[in-house]
Amino acid sequence: MLIPYFVVMIILAFYGIHRYQLVWLYFKNKKNAAKWNEPPMRFAEGQLPFVTIQLPIFNEQFVIDRLIDAVCKLELIHETGFEIQVLDDSTDETIGVAQEIVERYARGFAGIAPQPIVYLHRSNGMAIRRERSIRARCARGEFVAIFDADLCRRRSG
């Protein structure tokens, strides 16, 4: 009858030792913890990287205007070189609507300066696994930001 008791005691002893080891490792490596209030990378004032912003859409004719407007009004991207690519796989009226909106933002209008924006329609139904390689070939920037159609810019203040 004592054998199961000792087996349980040994298991609990190993569990306790493991807990003490985790606490010891936590305090030992606490100084190496990531600092979340600091950005992972800093750039000199004139050396900000070129950024490609890709907006993949599929039959999003009612939100495309809001999406492009939100991206064009991001303050950070105007401090660096950037390009905006609208990647459209649509099969409905979104094609015409998106082309018209992209042309309007590329020309500029009241309150919005001309934007470096291009429209790319992909009609051959690319597979999702090939999608990333296609996006990488289209992008010219050092960094690529991909925003979905539900992007909504928050007002500051």
Side-chain angles (χ1 to χ4, degrees), residues 1-95 97-98 101 116-157:
M1 189 69 185
L2 290 177
I3 293 176
Y5 175 75
F6 283 116
V7 170
V8 170
M9 288 296 290
I10 290 173
I11 291 172
L12 288 175
F14 280 121
Y15 180 76
I17 291 169
H18 180 257
R19 291 285 137 192
Y20 281 120
Q21 182 188 19
L22 287 178
V23 170
W24 177 73
L25 287 173
Y26 169 76
F27 284 112
K28 178 184 170 193
N29 296 310
K30 188 175 179 181
K31 64 183 174 289
N32 298 332
K35 305 207 175 19
W36 294 105
N37 56 353
E38 295 180 15
M41 191 178 276
R42 294 191 186 274
F43 296 97
E45 193 66 33
Q47 297 180 353
L48 291 173
F50 190 81
V51 178
T52 298
I53 299 173
Q54 293 184 336
L55 308 173
I57 59 171
F58 180 75
N59 298 344
E60 305 278 356
Q61 88 179 56
F62 299 111
V63 297
I64 186 69
D65 193 21
R66 178 184 52 98
L67 173 65
I68 294 174
D69 186 58
V71 170
C72 290
K73 289 184 178 177
L74 290 174
E75 288 115 19
L76 179 62
I77 63 171
H78 293 289
E79 297 174 8
T80 178
F82 72 100
E83 69 174 337
I84 302 170
Q85 297 176 344
V86 178
L87 307 175
D88 188 9
D89 293 325
S90 298
T91 57
D92 64 352
E93 302 85 34
T94 306
I95 298 168
V97 172
I101 293 169
I117 186 169
V118 295
Y119 175 81
L120 302 170
H121 180 69
R122 302 175 296 181
S123 60
N124 57 356
M126 304 257 178
I128 291 176
R129 63 187 98 111
R130 291 178 44 209
E131 178 98 12
R132 288 190 180 127
S133 65
I134 299 299
R135 287 182 183 170
R137 280 189 271 149
C138 295
R140 295 186 343 228
E142 294 176 54
F143 293 104
V144 178
I146 301 172
F147 296 127
D148 201 1
D150 59 355
L151 172 73
C152 200
R153 187 174 146 268
R154 292 186 181 154
R155 306 225 185 270
S156 57

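Residues: numbered from 1 along the sequence shown. Quick caveat, the model's predicted, so the values are computed rather than measured.
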More than 12 heavy atoms of other residues, nucleotides or ligands under 6.0 Å from CD1 of Ile3: is that the case?
-> no
Expected output: side-chain Asp89 to main-chain His121 donor-acceptor under 3.5 Å |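 Checking the backbone N and O of His121 against the side chain of Asp89, no donor-acceptor pair under 3.5 Å is found.
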So do the side chains of [X] and [Y] get within less than 4.5 Å of each other, counting heavy atoms only?
X	Y	value
Glu142	Val51	no
Ile84	Pro116	no
Phe58	Thr91	yes

Between atom [atom1] of [X] and atom [atom2] of [Y], what is the distance when rounded to the nearest 0.5 Å?
X	Y	atom1	atom2	value
Phe62	Glu93	CZ	CD	7.5 Å
Leu120	Gln54	CG	CD	8.5 Å
Tyr119	Ile68	OH	CD1	9.5 Å
Tyr20	Leu25	OH	CG	15.0 Å

Do Val71 and Phe147 pass the side-chain contact (heavy atoms from CB on, under 4.5 Å) test, and can you show the C-alpha distance, the side-chain angles, and the key distance before you say yes or no?
-> CA-CA 9 Å; Val71 170; Phe147 296 127; 4.1 Å; yes
Which of these passes side-chain contact (heavy atoms from CB on, under 4.5 Å) with Leu67: Ile64, Asp69, Asp65?
-> Ile64
Identify the residue among Ile101, Val118, Ile53, Ile117 that makes a side-chain contact (heavy atoms from CB on, under 4.5 Å) with Val86.
-> Ile117
Heavy-atom pair with the smallest gap, counting every atom of Phe82 and Phe50 | N-CE1, 3.5 Å
For the student: nearest non-hydrogen atoms of Ser90 and Ile95, plus distance =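 Nearest pair, atom of Ser90 first, then Ile95: O-CD1, 3.5 Å.
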For Asp92, which residues count as a salt bridge (charged side-chain N to carboxylate O under 4.0 Å, His left out) partner, sequence neighbours excluded?
->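 So Asp92 forms no salt bridge (charged side-chain N to carboxylate O under 4.0 Å, His left out) with any residue.
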For Glu83, check salt bridge (charged side-chain N to carboxylate O under 4.0 Å, His left out) against everything at least two apart and list the hits.
-> Arg140
